[in-house]
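Some notes on the structure that comes next.
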Amino acid sequence: MQPVFEDRRLEPILEKVQAGVRLDYDDGLALYRTPDILGAGYLANLVREAKHGNVTWFNVNRHINPTDVCVASCKLCAFGKKAKDPKAYTWSLEEVWQRAGEGWSEAVTEFHIVGGLHPELTLDWYCEMLRGLKQRFTDVHLKAFTMVEIAYLAQRTRISIRETLQRLMDAGVDSLPGGGAEIFHDRVRRIICDHKIDGQQWLEVARTAHELGLKSNCTMLYGHIETEEDRVDHLLKLRALQDETGGFQTFIPLAFHPANTPLHHIATTTGFLDLKMIAVSRLLLDNIDHIKAYWIMMTPRIAQIAQRFGADDLDGTVVEEKIYHDAGATTSQNLRRGELLRLIREAGREPLERDTLYRPVTRTETAFTVLV
Ligand code: V47
């Protein structure tokens, strides 16, 4: 039996989804504009279940932010500080290596490493950091540096993006996280992050990484000054690059947290919008396998429901998070593996622990094995 949508404009989209026809720009706008959240969620859930059945993936990871010193002054950010700011911090290599091993009793499979654009830390310093982590935590996957950090390191070292990536890979980078994409449209970027590389450069760094064989994630920051058109444009640009390279593993919609940023007058996002973002991205990004609900950003409560609105992945144990907590996030910084399992099972999904490359993982309390 065909569902009856509250918003009849979703009917042609259902027909396309059922026939496996790619959604277009206007479909994206219609989905963002509909108040029929259950209708949008139903459509996204069809795609989600066709791709992943009843499984929800999750991972046991730790975030590492070696420095918050940043030459950029992005209005969206509460994390970056100037070097002379008494509250700024930069860990020594020893501190990075020591903190990497702190705060967890379960074996993590991934370190997620990002930080500010530090004017003095060199590419060699970062390579030593990576080599030290690999020596100490041989089996842990290093998902490190956004496209923005890669471009800055290349510029400071006066070498190409390709060579920068190659040197980081030689030192231990296994894949790249998806941050720094924000919204690609220039008008928005000029206001929220005018010190960062532009949208085209972000996509170019991703293309180069994928050509070198690195997988990466991708993101979109929403809930600030962007329009619905900007969101659709952003998603379709990611989809177009994915058609070329196939290198994106996961898309993560990131809700803007305004506290302690120059944009603090903007209201925080609602659960309605957070779920809408999950659903529309699942529907438009037909060529990206995974849609991640990042509980740190959307709260465990909304992330749990997101599993029925298109998300197939819950990230992660995290342990210590700074970027969102500097911007007012009130979520805990650490979810135990058992709590993730409860969030997944209670939603009627089947938890499947993964490594960063979505290979199933089995584990004991203190060790894990990747099933290849
Ligand atoms: O790049 C910065 C965003 C990103 C704020 O790849 C802010 O698996 C909201 O990219 N309010 C970092 N957002 C987080 C990120 C991420 C998170 C989880 C998983 C993965 C992955 C990537 O957070 C930044 C920026 O887009 N951000 N400041 C803020 N005030």
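Whatever order the structure lists ligands and atoms in, that order sets their numbers, starting from 1. If you read the sequence from its start, that first residue is 1, and numbering goes on from there. Note: hydrogens, waters and symmetry copies are ignored here, and every other heavy atom, side chains too, is used.
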Lys/Arg cation over aromatic Y32: R231, 6.0 Å, 45° cone: yes

For ligand 1, the portion of A255 having any non-hydrogen atom under 4.0 Å away: backbone

Other cluster members, V55 - Ile/Leu/Val/Met/Phe/Trp/Tyr, side-chain contacts below 4.5 Å: W57, L352, Y358

Close aromatic pair by centroid cut-off 6.0 Å: H234 and Y222: no

Atom indices of ligand 1, in the order listed, that fall short of 4.0 Å to a heavy atom of L221: 7 (C), 9 (C), 13 (N)

Heavy-atom nearest neighbour in the protein, as seen from atom 1 (O) of ligand 1, with distance rounded to 0.1 Å: G180 N, 2.8 Å

Non-hydrogen atom of H112 closer than 4.0 Å to ligand 1: yes

R22 atom CZ: more than 12 heavy-atom contacts under 6.0 Å: yes

Side-chain donor-acceptor contact under 3.5 Å, D243 with N287: yes

Mutual orientation of the aromatic rings belonging to H63 and H112 [parallel < 30°, tilted 30-60°, perpendicular > 60°]: parallel

Shortest protein contact, atom 6 (O) of ligand 1 (heavy atom only): G178 N, 2.8 Å

Pair R207 + E244: basic N to acidic O under 4.0 Å: yes

Shortest protein heavy-atom distance from atom 26 (O) of ligand 1, along with the residue and atom involved: E182 OE1, 2.5 Å

Geometric class of the W202/F184 ring pair [parallel <30°, tilted 30-60°, perpendicular >60°]: tilted

Closest protein heavy atom (residue, atom, distance) for atom 12 (C) of ligand 1: I323 CD1, 4.0 Å

Whether T146 lies under 4.0 Å from ligand 1, heavy atom: no

From H290, K196, H224, H257 - option closest to atom 11 (N) of ligand 1 by heavy atom: H257

Enumerated ligand 1 atoms positioned under 4.0 Å from heavy atoms of I252: 6 (O), 8 (O), 20 (C), 21 (C)

Atoms of ligand 1, numbered as shown, that sit under 4.0 Å from any heavy atom of P177: 6 (O)

N/O donor-acceptor pair under 3.5 Å between H195 side chain and S73 backbone: yes

Closest protein heavy atom to atom 14 (C) of ligand 1, given as residue, atom name and distance to 0.1 Å: L254 CD1, 4.0 Å

Side chain, backbone, both or neither: L76 near ligand 1, heavy atoms under 4.0 Å: both

Residue part near ligand 1, for D315, under 4.0 Å between non-hydrogen atoms: side chain

Closest protein heavy atom (residue, atom, distance) for atom 13 (N) of ligand 1: Y324 OH, 2.8 Å

Y126-F145 aromatic ring centre distance below 6.0 Å: yes

Closest protein heavy atom (residue, atom, distance) for atom 10 (O) of ligand 1: G179 CA, 3.0 Å

Proximity to ligand 1 by part of K292, non-hydrogen separation under 4.0 Å: side chain

Neighbour count above 12 (heavy atom, 6.0 Å) for R301 CZ: no

Heavy-atom nearest neighbour in the protein, as seen from atom 17 (C) of ligand 1, with distance rounded to 0.1 Å: Y294 CE2, 3.5 Å

Atom indices of ligand 1 within 4.0 angstrom of K143 heavy atoms, with elements: 6 (O), 8 (O), 21 (C)

Modelled atom types, side-chain donor and acceptor of E94 and Q98, under 3.5 Å: no

Where ligand 1 meets N217 - atom numbers and elements under 4.0 angstrom, heavy-atom basis: 6 (O), 8 (O), 21 (C)

